[in-house]
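In what follows, every chain begins at residue 1, and chains take the letters A, B, ... in the order their sequences are listed.
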2 protein chains.
Amino acid sequence: MGLQQTLKALSDPIRREILSMLRKGSLSAGEITERFPVTGASISRHLSVLKDADLIRDNRQGKYIFYEINTSVLEEAMLWMASLKGDPDNDQK
Amino acid sequence: MGLQQTLKALSDPIRREILSMLRKGSLSAGEITERFPVTGASISRHLSVLKDADLIRDNRQGKYIFYEINTSVLEEAMLWMASLKGDPDNDQK
DNA sequence: TTAACATTTAGCCTAAATGTTAAACGTATT
DNA sequence: AATACGTTTAACATTTAGGCTAAATGTTAA
């Protein structure tokens with residue numbers, strides 16, 4: 001985990017779009033796949049990248065696997081960006 | 001430009017470290033290179049990625065080229081992340 | 001203008017990322 | 001248990017990224 005994994009996961013447009021979709025509520029892998037012009041296998045791998053980065057969580061319900069967003073991990077990335085804007089004499093690492 | 005280029009540029013640890021270094025003031029390409037275990041040519045390419053993303057600006061002074069950070073472009077990335085955390089019914093796209 | 005130095009660009013190589021199809025897996029239904 | 005359905009995993013092809021060395025470019029100084 002960590003900043004590296006977070007930013008890497010966010011650097012792909014499909015993965016960002018998936019996160020945007022999940023903002024409105026959880027969706028199954030199939031529902032997510034429907035909205036992209038790539039195969040389910042590709043989306044599945046994108047989902048696993050997002051999951052490894054802890055940007056999404058999954059929970060199975062019967063034969064469906066539902067994905068939901070987890071934004072807590074964005075905190076670190078936002079703090080890092082904010083620190084870049086800040087005065088280096090004042091505060092953080 | 002745009003979010004894609006910004007996040008792509010930020011997804012590499014060397015490029016992030018370069019930005020952190022530049023927080024404290026501008027540095028020449030050579031000074032930046034000294035601090036990494038890779039060749040000047042590699043750093044030069046990293047600098048061009050950061051520059052294309054408008055995360056840094058350069059200005060030549062004699063035979064040196066000095067780089068400085070430009071944080072304004074981080075705004076968009078931070079806003080995007082913030083929007084992921086927000087209520088989709090309330091506000092933005 | 002030649003030499004020296006700082007930096008970038010080009011060409012090549014390897015590794016990582018992304019896409020595809022086909023096979024495997026997990027669950028529900030019959 | 002067999003089939004069907006949703007999803008993931010494996011194997012492979014292609015593209016992209018990052019590193020290196022060598023050549024090119026820009027600038028200063030002799």
Side-chain angles (χ1 to χ4, degrees), chain A residues 1-22 25-70 73 77, chain B residues 1-22 25-70 73 77:
Chain A
M1 313 257 179
L3 192 57
Q4 174 59 31
Q5 251 185 306
T6 303
L7 291 173
K8 196 78 181 194
L10 295 180
S11 75
D12 182 274
I14 288 186
R15 291 194 289 265
R16 286 199 304 280
E17 183 60 28
I18 290 173
L19 292 176
S20 290
M21 287 168 49
L22 293 178
S26 63
L27 294 169
S28 70
E31 290 172 317
I32 294 170
T33 297
E34 279 174 1
R35 292 159 153 93
F36 295 96
V38 297
T39 62
S42 283
I43 295 298
S44 180
R45 215 152 36 64
H46 281 303
L47 289 171
S48 83
V49 171
L50 289 169
K51 194 180 155 187
D52 287 348
D54 200 30
L55 280 160
I56 58 175
R57 306 269 171 77
D58 62 349
N59 70 308
R60 175 154 231 148
Q61 296 199 13
K63 57 182 177 179
Y64 299 93
I65 299 178
F66 285 91
Y67 287 92
E68 61 182 349
I69 195 171
N70 172 40
V73 88
Chain B
M1 312 256 179
L3 192 57
Q4 175 59 30
Q5 255 184 301
T6 304
L7 290 173
K8 197 79 181 191
L10 295 180
S11 75
D12 181 273
I14 288 186
R15 291 194 289 265
R16 287 199 305 279
E17 183 60 28
I18 290 172
L19 292 175
S20 290
M21 286 168 49
L22 293 178
S26 64
L27 294 168
S28 71
E31 289 171 318
I32 294 170
T33 296
E34 281 174 358
R35 293 160 153 92
F36 295 97
V38 297
T39 63
S42 285
I43 295 299
S44 180
R45 218 154 33 66
H46 281 305
L47 290 171
S48 84
V49 171
L50 288 168
K51 194 180 156 187
D52 287 348
D54 200 29
L55 280 160
I56 58 175
R57 305 269 171 77
D58 62 348
N59 69 310
R60 173 156 234 146
Q61 297 199 12
K63 60 181 174 179
Y64 301 94
I65 300 179
F66 285 91
Y67 286 93
E68 61 182 348
I69 195 171
N70 171 40
V73 89

Discussion item. Would you compute the distance between atom CG of A:Leu27 and atom CZ of A:Phe66 and round it to the nearest 0.5 angstrom?
Written reply: 8.0 Å

Worksheet item: Tell me: CG of A:Asp52 to C1' of D:dT9, nearest whole Å?
Response: 14 Å

Worksheet item: Within this structure, what is the OH-to-P distance between A:Tyr64 and D:dC5, rounded to whole angstrom?
Response: 10 Å

Item to complete: Take atom OH of B:Tyr67 and atom C1' of C:dA6, then tell me their distance rounded to the nearest Å.
Response: 11 Å

Worksheet entry | Any donor-acceptor N/O pair, A:Arg35 side chain to A:Glu31 backbone, under 3.5 Å | yes

Practice prompt. From the options C:dT7, D:dT8, C:dG26, select the nucleotide whose nearest atom is closest to the side chain of A:Ile65.
Written response: D:dT8

Worksheet item: NA contact type, A:Ser28, heavy-atom cut-off 4.0 Å: base, sugar-phosphate, or nothing?
Response: sugar-phosphate

Discussion item. Just verifying a value: how many Å separate B:Ser26 OG and B:Ile32 CD1, rounded to the nearest 0.5 Å?
Written reply: 9.0 Å

Fill in: Value rounded to 0.5 Å, distance of OG in B:Ser48 from CD1 in B:Ile43
11.5 Å

Worksheet item: Which distance, rounded to the nearest 0.5 Å, do you find between the OG of A:Ser20 and the CZ of A:Arg15?
Response: 13.5 Å

Response to the item:
Stems with DNA chain D, 3 or more Watson-Crick or G-U pairs in a row (under 3.5 Å), are C:1-30 with D:1-30

Discussion item. What is the distance, to the nearest angstrom, from the NZ atom on A:Lys63 to the P atom on C:dT27?
Written reply: 13 Å

So which protein N/O to nucleotides 15-24 of chain D N/O distances come out below 3.5 Å?
{"residue": "D:dG18", "atom": "OP1", "partner": "B:Asp12", "partner atom": "OD2", "Å": "3.2"}
{"residue": "D:dG18", "atom": "OP1", "partner": "B:Arg15", "partner atom": "NH2", "Å": "3.2"}
{"residue": "D:dG18", "atom": "OP2", "partner": "B:Arg15", "partner atom": "NH1", "Å": "3.2"}
{"residue": "D:dG19", "atom": "OP2", "partner": "B:His46", "partner atom": "NE2", "Å": "2.5"}
{"residue": "D:dG19", "atom": "N7", "partner": "B:Arg45", "partner atom": "NH2", "Å": "2.7"}
{"residue": "D:dC20", "atom": "OP2", "partner": "B:Thr39", "partner atom": "N", "Å": "2.8"}
{"residue": "D:dC20", "atom": "OP2", "partner": "B:Thr39", "partner atom": "OG1", "Å": "2.9"}
{"residue": "D:dC20", "atom": "OP2", "partner": "B:Ser42", "partner atom": "OG", "Å": "3.1"}

Practice prompt. Give a yes or no answer on whether the side chain of B:Arg16 reaches the backbone of B:Ile18 with a donor-acceptor pair at less than 3.5 Å.
Written response: no

Worksheet item: Which nucleotide in the set D:dT27, D:dG6, D:dT7 lies at the smallest distance from any side-chain heavy atom of B:Arg60?
Response: D:dT27

Item to complete: Whole angstrom is fine here: how far is it from NZ in A:Lys51 over to C1' in D:dT8?
Response: 10 Å

Item to complete: Return the value, rounded to whole Å, for the distance between atom CD of B:Glu34 and atom P of C:dT7.
Response: 9 Å

Practice prompt. Nearest whole angstrom, please: distance from the P of D:dT8 to the CG of A:Leu50.
Written response: 12 Å

Fill in: Sugar-phosphate only, base, or nothing, as touched by A:Ser48 at under 4.0 Å among non-hydrogen atoms
nothing

Worksheet, complete the sentence: Between the CG atom in B:Asn59 and the OG atom in B:Ser28, the distance rounded to the nearest 0.5 Å is 11.0 Å

Worksheet item: For the side chain of A:Glu68 and the backbone of A:Gly25, is there at least one donor-acceptor N/O pair under 3.5 Å apart?
Response: no

Practice prompt. Measure from CG on B:Leu27 to P on C:dA6 and round the result to the nearest Å.
Written response: 15 Å

Discussion item. Using 0.5 Å steps for rounding, measure from the CG atom of A:Leu50 to the CG atom of A:Asn70.
Written reply: 11.0 Å

